[in-house]
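Since we're looking at a predicted model, the values are computed, not measured.
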Amino acid sequence: MNTPKILLLLALLVGCSDESGETGNAEDANLILTNAQVYTLAWDEPGPDGSVMPNAPHDENGWHADAEAVAIRADKILFVGSNEDAMTFRGESSRVVDLAGATVIPGLVDSHTHIFGLGALLDQVNLIGVETEEDAVALIVERAKSVPKGEWIVGRGWDEGAWANAYPDKVLLSAAVPDHPVFMDSLHGFAGWANQAALDAAGLNATTEVPVGGEMRLGSDGQPGGLFLNNAVELLSDAVPAPSREILAKQLLLGLNQMAADGYTAVHDAGLATRAMSILEQLEASGELPIRVYAMLSLRDEDLIRKWIEKGPDTDTDSMLVTRTVKAYYDAALGSRGARLLYDYSDMPGHQGISGDGYGFNQALNAEAMKAGFQIAIHAIGDAGNREAIDILEKVFNEDPATAKNRHRIEHAQVISPEDILRLGPLGLIASMEPPHAMEDKTWAEERLGPERVLGAYAWRSLREAGARLTFNSDNPGSDHSIFYGLHSAITRQDKNQQPEGGWYAEQRMTADEAVRGYTQWSAYASFREDEAGVIAAGRWADLTVMTVDPFALSDQVPGDILNGQIVMTVVNGEIVYER
């Protein structure tokens, strides 16, 4: 072996000592991935305008991988570089996988998910993509054939934004399914649809008190018509019998394993209450979590928040379950016209949405959590909602400057006025956003906002140019969490049919470098893990995603082909948790 290679191996072996003091050697790799297109993301991140940095693997011919093999020992990356050098770490027990040109990137992170909801969707009636009331009812009718009379049927996924101008009622559903209470939650959870049997089971009638920030639509007879919006959805959801711990644990694992199969090595679960947290803690203790979970506690569960304020946030980063964030709802959704706007909805004069106390936001408890060291993630959709959320965070920063260091987040940051876009960077706030939302909302968003205000909606480029940090995610099960859909949405501003031509408000597009970082490195930063994850390098966590397509190269050539990608392998802590 020549001198440079000896020096290379010595440097790697010294740099990869584990905490026990044991040093790696050439026979110690557990897993070696070869013949791959490895994008390490070890080069400098792109400029705010998307410009490629000089040390990036990009030239006049476009993007090219900066490595071709990765060797893993235990839960850490041992080596990244050439096939030849990687094979020097092969031992008798090493598994070598020839990836035949597949692309390897740092492990994907979905930084805003609802995994219990995803698991329930996989276990219940899936209404995602259903376009008509009749089709949704037909799916419920089919499920009713296998459910004993009197038992609840629950579905989820009809699009409250797309259906907002023609919301369904109870009439057709009640006639078709009279013997089962039916609750159909909407895509983003801001609308609920029920039949008469569900209304009866929930004890809902014309005299029912509707929560502040909610709406119960009435029929021509003055009785509940079966459609509930925003905070009123809880009148229905609270009436559905709570599933057992066993069912919830099963649904959680269904959701996590689905995310693993879809290439994700970690998720940030947004808005967990007491029962969900206890199940997560139980599965972590038994070693059953297949991927990492970064937990966001629900501010609405005051008992849980006070328990954690007394205890303090987790300070480690490497447990499979880390809890250091509080998720708060400040306003509702744009689709259901619940997002709080600075002035009237363009398609509903006199209406500006709901926020704050009107939507159950406990400002005092939020401030207590901040001062106890928690990262805060505030759901804010409308331009007024975002302004007020930023004001609330800034007020606490002024009272207690130490709170400003905790990388607080605005979840969705969906519609922001130009003057408020400029505030996020200086305040150190992270805009946690969903590229698919822009593509799903584009058919009606401008109707809600008008041609001027929509320019500040889903404004990824404007936020980056103003110095804000971003993290990308899906908000599943509200949106398809496919990374190929997410990357395509971010890079092209086009939907799955590659429409509109040229992209929807294309000036807000991301480059491939930015889009991939949004689901990897930038999401690692949002969970304080930028030193362990988000870059493929010796000594980092062995969290990797392997896919059939090269989103970097395709972004220069045929970006629509990104949608054809498939996940080949998902590696978490050096273990293959999914293999195609």
A.B. asks: Please verify the inter-ring angle class for Y294 with H268; under 30° counts as parallel, over 60° as perpendicular, anything in between as tilted.
C.D. replies: tilted
A.B. asks: When you measure from the side chain of T88 to the backbone of D85, do you find a donor-acceptor pair of N or O atoms at a distance under 3.5 Å?
C.D. replies: yes
A.B. asks: Rounded to the nearest 0.5 Å, how far apart are CE of M547 and OG1 of T103?
C.D. replies: 7.0 Å
A.B. asks: Go through the steps to decide whether W63 and D513 satisfy the test side chain to side chain donor-acceptor pair (under 3.5 Å), and finish with yes or no.
C.D. replies: CA-CA 10 Å; W63 287 96; D513 197 356; over 6 Å; no
A.B. asks: When rounded to the nearest 0.5 angstrom, what is the spacing between CD1 in I430 and CG in L424?
C.D. replies: 10.0 Å
A.B. asks: If you round to the nearest 0.5 Å, how far is OG1 of T492 from CH2 of W504?
C.D. replies: 13.0 Å
A.B. asks: I would like to know whether S51 and D49 meet side chain to side chain donor-acceptor pair (under 3.5 Å); could you show each step before the answer?
C.D. replies: CA-CA 6 Å; S51 56; D49 61 353; 2.8 Å; yes
A.B. asks: Are H379 and Y329 an aromatic pair by the rule of ring centers under 6.0 Å?
C.D. replies: yes
A.B. asks: Should R423 and E394 count as an ion pair when the cut-off is N to O under 4.0 Å?
C.D. replies: yes
A.B. asks: Does the ring centre of F552 sit less than 6.0 Å away from the ring centre of H64?
C.D. replies: no
A.B. asks: For the atom pair CD (E45) and CD (E514), what is the distance rounded to the nearest 0.5 Å?
C.D. replies: 8.5 Å
A.B. asks: Are E411 and R409 close enough for a salt bridge, meaning some N to O gap below 4.0 Å?
C.D. replies: yes
